[in-house]
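In what follows, chains carry the letters A, B, and so on, assigned in the order in which the sequence lines appear, proteins first and then strands, with residues in each chain numbered from 1.
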2 protein chains.
Amino acid sequence: MSIRDVANAAGVSHQTVSRVINGHPRVRPATRARVEAVIAELGFRRSVAAHALASGRTRSVTVLTANTTHYGRAALLRGVEEAARAASYAVGICVVESEEPRAVRDALDRATDAGGGLIVIAYDEPGLRALEQAPAGLPLVAAVETPAAAPPAASPWVWTDDRRAAREATEHLLGLGHRTVHYLAIPSTTRSRGGSQRAAGWREALTRASAAVPEPVAAGWTPAEGYAAGRRLAADPGVTAVLCGNDDLALGLLRALHEAGRRVPEDVSVVGFDDAPHAAYLAPALTTVRQDFHEVGRVCFGRLHGLIEGGAPVGPHALATPRLTVRESTGPAAPPA
Amino acid sequence: MSIRDVANAAGVSHQTVSRVINGHPRVRPATRARVEAVIAELGFRRSVAAHALASGRTRSVTVLTANTTHYGRAALLRGVEEAARAASYAVGICVVESEEPRAVRDALDRATDAGGGLIVIAYDEPGLRALEQAPAGLPLVAAVETPAAAPPAASPWVWTDDRRAAREATEHLLGLGHRTVHYLAIPSTTRSRGGSQRAAGWREALTRASAAVPEPVAAGWTPAEGYAAGRRLAADPGVTAVLCGNDDLALGLLRALHEAGRRVPEDVSVVGFDDAPHAAYLAPALTTVRQDFHEVGRVCFGRLHGLIEGGAPVGPHALATPRLTVRESTGPAAPPA
DNA sequence: GGCCCGCATGTGACCGGTCACCATCCTGGG
DNA sequence: CCCAGGATGGTGACCGGTCACATGCGGGCC
């Protein structure tokens, strides 16, 4: 079933069929109608492979990421998928296993082979390496951490200002009377010396308030890692307020505090990050910074789409600053004994 | 950069290059080495589009699902991706928005256009409809609920026996002295009259024990829905044990119970389903049924891969029965007042 | 020494689209 | 009445692989 079969059945040339399926204007309405009727009758669908080969365009994007299940990345992926679907683009996924050069190159090769545009989730080291090593000329947009400085005008980056959000979250805690705020850290990309931008915002707030800046506690992304690292925090009676790099970490920390017999928020206040679906339903409900990853994904696709179809160069783009959502896990510092 | 360029540079015909990249045995080692050297030097990569067009094979699978973010489906997707990557298959995702015929047909069209194999996650109505309406002849494997009866030998289905697991979970609760067990239900596919197989297992245990069978409480998949529906359960003092269709629902229920001032497990016992990453870190830690979606995904891909490459027909396949993991959210029924 | 055969390799068609370019037909202005 | 030029539509090459088949060559066997 090719355009030539359709052409025969409709009594036109294959080129006319091609014009019809591509919405080319120079086709008489009567001819167009006849061809469309035959297409519907035969159930013709154009071959994606042939189209891609002949035109060089694929109408597809692939999302390159280190993980597809953690909340933020999964939500971002969903945003991409929705926007892509609306534009009838196909979406592929390509996971970078680790930050080893070989794994990064493999992933890049796979992503490039797919032929379409590329959306890189560069929230972590593997993603960031992939972004840095992506071949020039490949249509690409990246979701990144808040840049430390003003990015070059040509960087196709999308982010939310979570550095500022982290600062505000820290100030919220400080405003509650806590002497200082500890930080339970998600892994940072090595490019940003001194930790992620979330960490930078936290440090900034502390410094401005002349509060002590404790050593950040390194964790990972998952509740299990938050729990493991959180036990140290829970064991330290000097800790009364903790900002967590994400809500899963906060969940683990909450558990560690619970086991240590420390009440939240009476003894310790906890702030999460991202507003994952579970945050509002924990007991205590988690105060957290609401991030719209869904929107980040949509914007990434939108800009990539513009780049592919319009050729318009894509520059850096910040979304609205995420806002702190205060719930039950934060409260006034206990008065000094 | 095509195989002909490589051929010229290596002083062989394009066909010999083709044989080399496909690992065809009838090539002299010296020739092969020379061609491989040129390929490496030029950085040649075969065009996926041209390969697909000429051979009719795509080396890709697309996962058709109603959702990519809920734990079970996300984990399954991850399993598929890992297995696919190991086999150097590309993976695409295709989301069915709703169960409307139009949406289902669209999704199927998109999935079919991709050209490769298809993995349908048919845990819900949209997925199930897509499965039922998938064109015959398309290489396809589906992750489904536990079948009610022995499935036809030709059904390419993969599942875990969660009906039995639900029965065991219910029996665990009954064994703790609860008079009956309520069920907070995930949406069921209409094909299985009377609810999902999880519901069937629950009902079976109740019936065997001659316990009353309360009306299941319909919820959705998310904590928010579990909370909304759970409030009714929490308000009913007769409720002392609840089985939840998944862990997110259980989370919402836990919250509703907390707000209603009912202690878990002292007043009410709660069992979840799936063992999502957060289950073990809630306070109380959730007793739940551990599901290996990751493995389901791997198996789906493995069978599809066999179908595509080997042509071996794929029949139904049950994985090991998921096991109950007892944690803190279940306890003995309170002695009658 | 001639013949047959299998290995190694080359040749050209073909997959199903798109692209550049050409052929008609029709209309209107000079 | 003729010709320019826009509107329609057709022709054949081409994208970069794979496939079926042809060809050259060397060795074993009689």
Side-chain angles (χ1 to χ4, degrees), chain A residues 1-39 42-60 88-90 109-110 112-116 308-309, chain B residues 1-39 42-60 88-90 109 112-116 308-309 311:
Chain A
M1 169 61 52
S2 78
I3 55 170
R4 288 167 232 256
D5 299 319
V6 174
N8 283 342
V12 297
S13 78
H14 65 107
Q15 177 64 317
T16 296
V17 177
S18 175
R19 289 192 179 100
V20 168
I21 63 186
N22 289 301
H24 188 104
R26 296 286 149 76
V27 179
R28 207 178 327 181
T31 310
R32 178 183 304 278
R34 185 151 34 99
V35 171
E36 280 172 345
V38 172
I39 286 177
L42 265 44
F44 165 84
R45 304 220 95 215
R46 128 172 110 189
S47 153
V48 168
H51 173 73
L53 175 58
S55 71
R57 288 180 287 260
T58 15
R59 293 193 74 75
S60 74
S88 16
Y89 267 54
D109 280 349
R110 277 179 290 128
T112 314
D113 284 349
I308 293 173
E309 313 245 295
Chain B
M1 171 62 52
S2 78
I3 54 170
R4 288 167 234 257
D5 299 319
V6 174
N8 283 341
V12 298
S13 76
H14 65 106
Q15 177 64 316
T16 297
V17 177
S18 175
R19 286 196 256 262
V20 168
I21 63 187
N22 289 301
H24 188 103
R26 294 287 149 74
V27 178
R28 206 180 327 180
T31 310
R32 177 182 303 278
R34 186 153 31 101
V35 172
E36 281 171 345
V38 172
I39 287 177
L42 264 45
F44 166 83
R45 303 220 94 215
R46 127 169 110 191
S47 153
V48 168
H51 173 72
L53 175 57
S55 70
R57 288 180 289 260
T58 331
R59 293 193 73 75
S60 74
S88 20
Y89 266 53
D109 281 348
T112 315
D113 284 349
I308 291 173
E309 313 247 293

request  = Evaluate the side-chain proximity of A:Met1 to A:Val6: yes if any heavy-atom separation is below 4.5 Å, no if none is.
outcome  = yes
query = Between CZ of A:Arg59 and CG of B:Asp113, what distance do you get to the nearest 0.5 Å?
reply = 11.5 Å
message = When you measure from the side chain of A:Asp5 to the backbone of A:Ser2, do you find a donor-acceptor pair of N or O atoms at a distance under 3.5 Å?
response = yes
request  = In whole angstrom, give the distance that lies between atom CG of A:Leu53 and atom C1' of D:dG16.
outcome  = 6 Å
message = Measuring to OP1 and OP2 of C:dG10, would you say a side-chain N or O of B:Thr16 lies under 4.0 angstrom away?
response = yes
note = Heavy-atom nearest pair, A:Ala49 first then B:Leu53, reads CB-N, 3.8 Å
Rounded distance in Å - CZ (A:Arg4) to P (C:dG17) = 8 Å
query = Contact class for A:Arg32 (heavy atom, under 4.0 Å): base, sugar-phosphate, or nothing?
reply = nothing
ask   = Considering the options A:Val38, A:Val27, A:Ile3, which one meets the side chain to side chain contact (heavy atoms under 4.5 Å, CB included) requirement together with A:Val20?
value = A:Val27
message = Using whole Å, what does the distance between atom P of nucleotide D:dG16 and atom CG of A:Asp113 come to?
response = 14 Å
key: Listed nucleotide nearest any side-chain atom of B:Arg19, set D:dG9, C:dG10, D:dT18   = C:dG10
inquiry  = Does a side-chain N or O of B:Ser18 approach OP1 or OP2 of D:dT18 to a distance below 4.0 Å, or not?
reply    = yes
request  = Indicate whether OP1 or OP2 belonging to C:dC19 is found under 4.0 Å from a side-chain N or O atom of A:Arg57.
outcome  = yes
query = Using a cut-off of less than 4.0 Å, is there contact between a side-chain N or O of B:His14 and OP1 or OP2 of D:dG17?
reply = no
query = How close or far is atom P of D:dG17 from atom CZ of B:Arg59, stated in whole angstroms?
reply = 16 Å
ask   = Does B:Ser13 put a side-chain nitrogen or oxygen below 4.0 Å from OP1 or OP2 of C:dG10?
value = yes
ask   = Taking the side chain from B:Arg34 and the backbone from B:Ala10, do they hold a donor-acceptor pair closer than 3.5 Å?
value = yes
remark   = Comparing A:Arg34 with B:Arg45, nearest DNA chain D nucleotide closer to 5' gives the residue A:Arg34
query = If you check every side-chain atom of A:Gln15, which of C:dG17, C:dT11, D:dG10 has the closest atom?
reply = D:dG10
request  = By nearest nucleotide on DNA chain C, pick out whichever of B:His24 and B:Ala54 is the more 5' one.
outcome  = B:His24
request  = Ignoring backbone atoms, test whether A:Arg46 places a side-chain nitrogen or oxygen under 4.0 Å from the OP1 or OP2 oxygen of C:dG17.
outcome  = no
ask   = Between atom NE2 in B:His51 and atom P in D:dT18, what is the gap in whole Å?
value = 6 Å
task = Please state how far atom CE in B:Met1 lies from atom C1' in D:dC15, giving the value in whole angstrom units.
result = 15 Å
ask   = For the pair made of CG in A:Leu42 and P in C:dG16, what is the distance, rounded to whole Å?
value = 14 Å
ask   = Nearest to the side chain of A:Ala50, which nucleotide is it out of C:dT18, D:dT18, C:dG16?
value = C:dG16
inquiry  = Assuming nearest nucleotide by heavy-atom distance, tell me which of B:Phe44 and A:Arg26 is located more 5' along DNA chain D.
reply    = A:Arg26
Whole-Å gap separating P (C:dG6) and CZ (B:Arg28) = 18 Å
Short side-chain N/O contact from B:Ser55 to OP1 or OP2 of C:dC15, under 4.0 Å = no
